[in-house]
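Just below is one structure, and these are the notes that go with it.
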Amino acid sequence: MYHYVRDGARVHARTVAELETQLDHVASTYSVVRCEDVRRGGLPANACLLTFDDGLREHLDTVAPELERRGLTACFCVPARPAVERRALDVHKSQAVLAESRDHRALGERVLELARPHEVGSEAELRERNTPPHRFDPPETVFVKRVLQDGLPEEARRVVLDTLFAELVTDDEKAFVEGLYLTLDDVRELARRGHEVAGHGYEHRRLGLLDEAEQRAEIEHTREFLTRVEGGAREWTMCYPYGSRDDVTLRLLAGSECALGLTTDVGLAGPGADPLELPRIDTNDLPVGTAGRA
């Protein structure tokens, strides 16, 4: 499971050299397979499916050429809204805010200051609710990340995030989008070059927090996007934004010809794994040769 791959990033990212090292390791150690191979079954014991989340520009400009030089393919998990509407996702706006702040504890205080006029309740409870354990980030970072993604009431969350984004990052969202995301034609180019494209939600929302109607709309719009990319009805793959899903999600996907679901649960997918709840290994769990995080 990869996200950013870029040099000099202030977000958690694989550098290009680290990606090259990891792909060399994968190519020499594993049999790289496709989603369609996973659907069929009968995989070799050392099967490896490479996935790249979030529809980022470097996935076409940097990642695809490195894969192709080694004769490898990957599954690119693309949220639809940036490609179709050219609108930034809240997850990336919040990551950009964090990247531009040197002091995440102070940033958390600024979040609470902006939220107070919206009567969001006890600040202590807000902190506790939005600071779950995290494998890679310290608590002060986790708090800001979670509260800006879904930890506040929607109206308050939107105001706080947009204010911080304008203060710390840019007031030119269009330029931000053009520099970060693949276009629809870019996504089609990945498919044309033999890579697979999976759904990653329309707006990259936590499905498990939505009611059934909202989940149904997200899933339908995700599938429509994949049809625009490749055309025709087919079995498809959903990569859950944030790994979030519930029983409603699984039921709706099972009724929509979704064949595979990719989670953020850490682990190996054995022969008995539920195809709609496949775990993944983070890129941090592979050797890189040099220090770095993604």
Side-chain angles (χ1 to χ4, degrees), residues 1-6 8-14 53-56 79 81-82 87-173 175-177 179-181 200-201 203-210 239-244 263-266 282-284 291-294:
M1 175 174 59
Y2 289 86
H3 292 83
Y4 296 99
V5 179
R6 55 180 63 183
R10 293 176 64 180
V11 294
H12 296 330
R14 284 272 79 92
D53 291 8
D54 289 352
L56 306 172
R81 191 179 192 189
R87 294 284 303 278
L89 296 173
D90 288 350
V91 61
H92 295 125
K93 293 172 80 170
S94 64
Q95 287 171 356
V97 165
L98 283 160
E100 292 300 322
S101 172
R102 300 292 187 182
D103 185 343
H104 291 175
R105 187 176 300 277
L107 180 60
E109 293 299 325
R110 176 61 174 149
V111 168
L112 293 174
E113 178 187 353
L114 291 171
R116 283 180 195 127
H118 299 273
E119 301 181 354
V120 296
S122 165
E123 292 182 3
E125 291 180 3
L126 192 65
R127 284 190 179 276
E128 181 178 2
R129 191 167 63 247
N130 290 284
T131 314
H134 194 278
R135 294 180 69 201
F136 308 117
D137 291 326
E140 57 269 23
T141 302
V142 173
F143 170 69
V144 175
K145 186 181 294 186
R146 290 297 296 266
V147 81
L148 292 181
Q149 290 174 357
D150 54 50
L152 290 168
E154 183 60 20
E155 182 178 349
R157 188 192 66 79
R158 175 66 59 192
V159 171
V160 172
L161 177 58
D162 287 349
T163 300
L164 290 172
F165 187 74
E167 287 180 354
L168 298 176
V169 184
T170 181
D171 59 1
D172 188 349
E173 182 175 331
F176 179 80
V177 167
L180 184 62
Y181 296 109
H200 200 29
E203 294 187 60
H204 198 277
R205 303 180 71 185
R206 291 182 190 270
L207 294 174
L209 298 183
L210 306 180
C239 176
Y240 303 108
Y242 309 104
S244 177
T263 74
T264 56
D265 300 348
V266 180
D282 193 275
T283 176
N284 291 293
R293 297 193 304 168

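Treat the numbers as computed from the prediction; the structure is a model and nothing was measured.
Here the OG1 atom belonging to Thr141 is positioned 14.0 Å from the CZ atom belonging to Phe136, to the nearest 0.5 angstrom. A distance of 10.5 Å separates CG of Leu114 from CG of Leu161, quoted to the nearest 0.5 Å. Distance check, rounded to the nearest 0.5 Å: OH of Tyr181 to CG of Asp54 gives 7.5 Å.
Under the 3.5 Å distance criterion, the side-chain polar atoms of Arg157 are matched with a main-chain donor or acceptor of Leu148. When atom types are taken as modelled, the side chain of Ser94 and the backbone of Val91 share a donor-acceptor pair closer than 3.5 angstrom. A donor-acceptor contact shorter than 3.5 Å is absent between the side chain of Glu140 and the backbone of Gly108.
Few gaps surround CD on Glu113; more than 12 heavy atoms of other groups in view lie less than 6.0 Å from it. By the neighbour-count criterion of 12 heavy atoms within 6.0 Å, atom CD of Glu119 is sparsely surrounded, having that number or fewer from other residues, nucleotides or ligands.
Minimum interatomic distance between Phe176 and His92 (heavy atoms only, all atoms of both residues): CZ-O, 3.9 Å.
Contact annotation: the side chain of Leu152 never approaches that of Asn130 to less than 4.5 Å [non-hydrogen atoms, C-beta and beyond].
Between the side chains of His204 and Asp90, no donor-acceptor pair is found at a separation under 3.5 Å.
Ion pairing of Lys93 with Asp162 is present here, as a side-chain N (NZ or NE/NH1/NH2) and a carboxylate O approach within less than 4.0 Å.
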Passes side-chain contact (heavy atoms from CB on, under 4.5 Å), Arg14 versus Asn284? Steps please. CA-CA 9 Å; Arg14 284 272 79 92; Asn284 291 293; 3.8 Å; yes
Evaluate salt bridge (Lys or Arg N to Asp or Glu O under 4.0 Å) for Arg87 paired with Glu203, printing each intermediate quantity in order. CA-CA 9 Å; Arg87 294 284 303 278; Glu203 294 187 60; over 6 Å; no
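Here Leu112 pairs with Glu109, Arg116, Glu123, Leu126, Arg127, Phe143 under the side chain to side chain contact (heavy atoms under 4.5 Å, CB included) rule; sequence neighbours left out.
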